[in-house]
Amino acid sequence: MALFALAFLYSFRQFIRLMTITPATRIQLVPNQSSSVLGNETILLNYEIGNYYELNEVGGFIWALLQERKEVSVQEIQDELLDEFDVDPVVCQAELTQFLESLLHEKLIELTE
């Protein structure tokens with residue numbers, strides 16, 4: 001019984017770690033996806049799920065950063081967004097977190113140690 005409880009606790013901690021995105025969180029793209037730029041949009045395909053997604057200019061900018069750097073912190077992405085776009089830092093952080101949570105939920109990115 002204690003072994004099961006320990007395994008459950010470990011799994012729960014892993015789940016919480018995976019679902020918590022902070023400025024220090026490091027992320028990377030998952031391997032089973034591909035993308036293509038069409039005009040101002042970026043099209044993503046998740047092979048595992050079989051879904052495709054359209055990203056606007058800002059989403060495509062973030063995706064390009066992830067492709068270029070392989071692994072990046074949320075704060076690094078936010079800094080790049082603030083340099084590139086005219087956006088309030090508080091709004092940027094909130095919307096970036098929401099966007100990354102969506103990508104995580106759709107299994108397009110993963111959190112790294």
Side-chain angles (χ1 to χ4, degrees):
M1 182 69 168
L3 182 58
F4 172 75
L6 184 60
F8 175 77
L9 180 60
Y10 176 77
S11 295
F12 183 72
R13 284 184 181 157
Q14 290 295 96
F15 173 76
I16 295 299
R17 184 184 66 80
L18 289 176
M19 299 310 290
T20 304
I21 294 179
T22 69
T25 301
R26 298 196 65 78
I27 60 175
Q28 65 184 17
L29 300 178
V30 296
N32 33 333
Q33 54 74 29
S34 68
S35 63
S36 181
V37 177
L38 299 171
N40 290 334
E41 295 182 336
T42 301
I43 308 300
L44 310 178
L45 175 63
N46 181 327
Y47 296 128
E48 182 179 325
I49 298 174
N51 291 341
Y52 74 92
Y53 311 87
E54 294 179 33
L55 302 180
N56 64 15
E57 180 183 0
V58 178
F61 181 84
I62 295 167
W63 192 260
L65 284 174
L66 291 169
Q67 287 180 312
E68 177 185 307
R69 297 195 187 169
K70 306 301 179 203
E71 181 182 315
V72 64
S73 75
V74 174
Q75 184 64 57
E76 291 169 325
I77 296 171
Q78 182 175 336
D79 292 345
E80 291 286 340
L81 288 169
L82 292 172
D83 285 345
E84 186 72 20
F85 299 96
D86 183 24
V87 60
D88 178 76
V90 173
V91 171
C92 183
Q93 181 179 9
E95 292 188 8
L96 174 59
T97 299
Q98 182 180 11
F99 177 69
L100 294 175
E101 286 171 349
S102 296
L103 292 179
L104 183 63
H105 176 75
E106 295 298 323
K107 300 180 181 177
L108 291 165
I109 62 170
E110 59 191 8
L111 308 184
T112 62
E113 294 289 327

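Below, each value reflects all heavy atoms present in this structure, side chains not excepted, and no hydrogens, waters or symmetry copies.
Closest non-hydrogen pair, Glu106 versus Asn51, comes out as OE1-ND2, 4.0 Å. For Thr42 against Gly60, the heavy-atom pair with the smallest separation is OG1-CA, 3.4 Å. Taking every heavy atom of both residues into account, Ala24 and Ser73 meet most closely at O-CB, 4.3 Å.
Looking at residues two or more places apart in sequence or on another chain, you find a side-chain hydrogen bond (donor to acceptor under 3.5 Å, both in side chains) between Glu48 and Asn32. Not counting sequence neighbours, the partners of Ser36 by the side-chain contact (heavy atoms from CB on, under 4.5 Å) test are Leu38. The side-chain hydrogen bond (donor to acceptor under 3.5 Å, both in side chains) check on Thr97 picks up nothing, with sequence neighbours excluded. Residues that satisfy the salt bridge (charged side-chain N to carboxylate O under 4.0 Å, His left out) test with Glu54, not counting sequence neighbours, are absent from this structure. For the side-chain hydrogen bond (donor to acceptor under 3.5 Å, both in side chains) test, residues two or more places apart in sequence or in another chain that qualify with Tyr47 are Ser34. Taking Ser102 as the reference, nothing meets the side-chain hydrogen bond (donor to acceptor under 3.5 Å, both in side chains) condition, with sequence neighbours excluded. With sequence neighbours excluded, the residues that form a side-chain contact (heavy atoms from CB on, under 4.5 Å) with Asp79 are Gln75.
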Tell me which donor-acceptor pairs under 3.5 Å the side chains of residues 83-96 have, and how far apart each pair is, sequence neighbours excluded?
| unit_1 | atom_1 | unit_2 | atom_2 | d |
| --- | --- | --- | --- | --- |
| Asp88 | OD2 | Val90 | N | 3.0 |
| Asp88 | OD2 | Val91 | N | 3.3 |

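The CD1 atom of Ile77 lies 9.5 Å from the CZ atom of Arg26; values are rounded to the nearest 0.5 Å. One distance of note links CG of Leu29 with CG of Leu65; it measures 10.5 Å at 0.5 Å rounding. Going from atom CG of Leu55 over to atom CZ of Phe99 covers 4.5 Å, rounded to the nearest 0.5 Å.
Crowding of Asn56 atom CG: a count of heavy atoms from other residues, nucleotides or ligands under 6.0 Å exceeding 12.
With hydrogens and angles disregarded, a donor-acceptor distance shorter than 3.5 Å links the side chain of Lys70 to the backbone of Gln67.
Counting heavy atoms from C-beta outward, Gln33 and Trp63 have side chains that approach closer than 4.5 Å. By the 4.5 Å heavy-atom criterion applied to side chains, Leu103 and Ile27 are not counted as neighbours. In this structure, the side chains of Val72 and Leu66 come closer than 4.5 Å at one or more pairs of heavy atoms. Counting heavy atoms from C-beta on, the side chains of Gln28 and Glu110 come closer than 4.5 Å. Side-chain contact between Thr20 and Leu111: absent, with no pair of heavy atoms (C-beta onward) separated by less than 4.5 Å.
When the side chains of ILVMFWY residues are joined at heavy-atom separations under 4.5 Å, either directly or via intervening members, Leu45 and Val30 end up in two distinct hydrophobic clusters.
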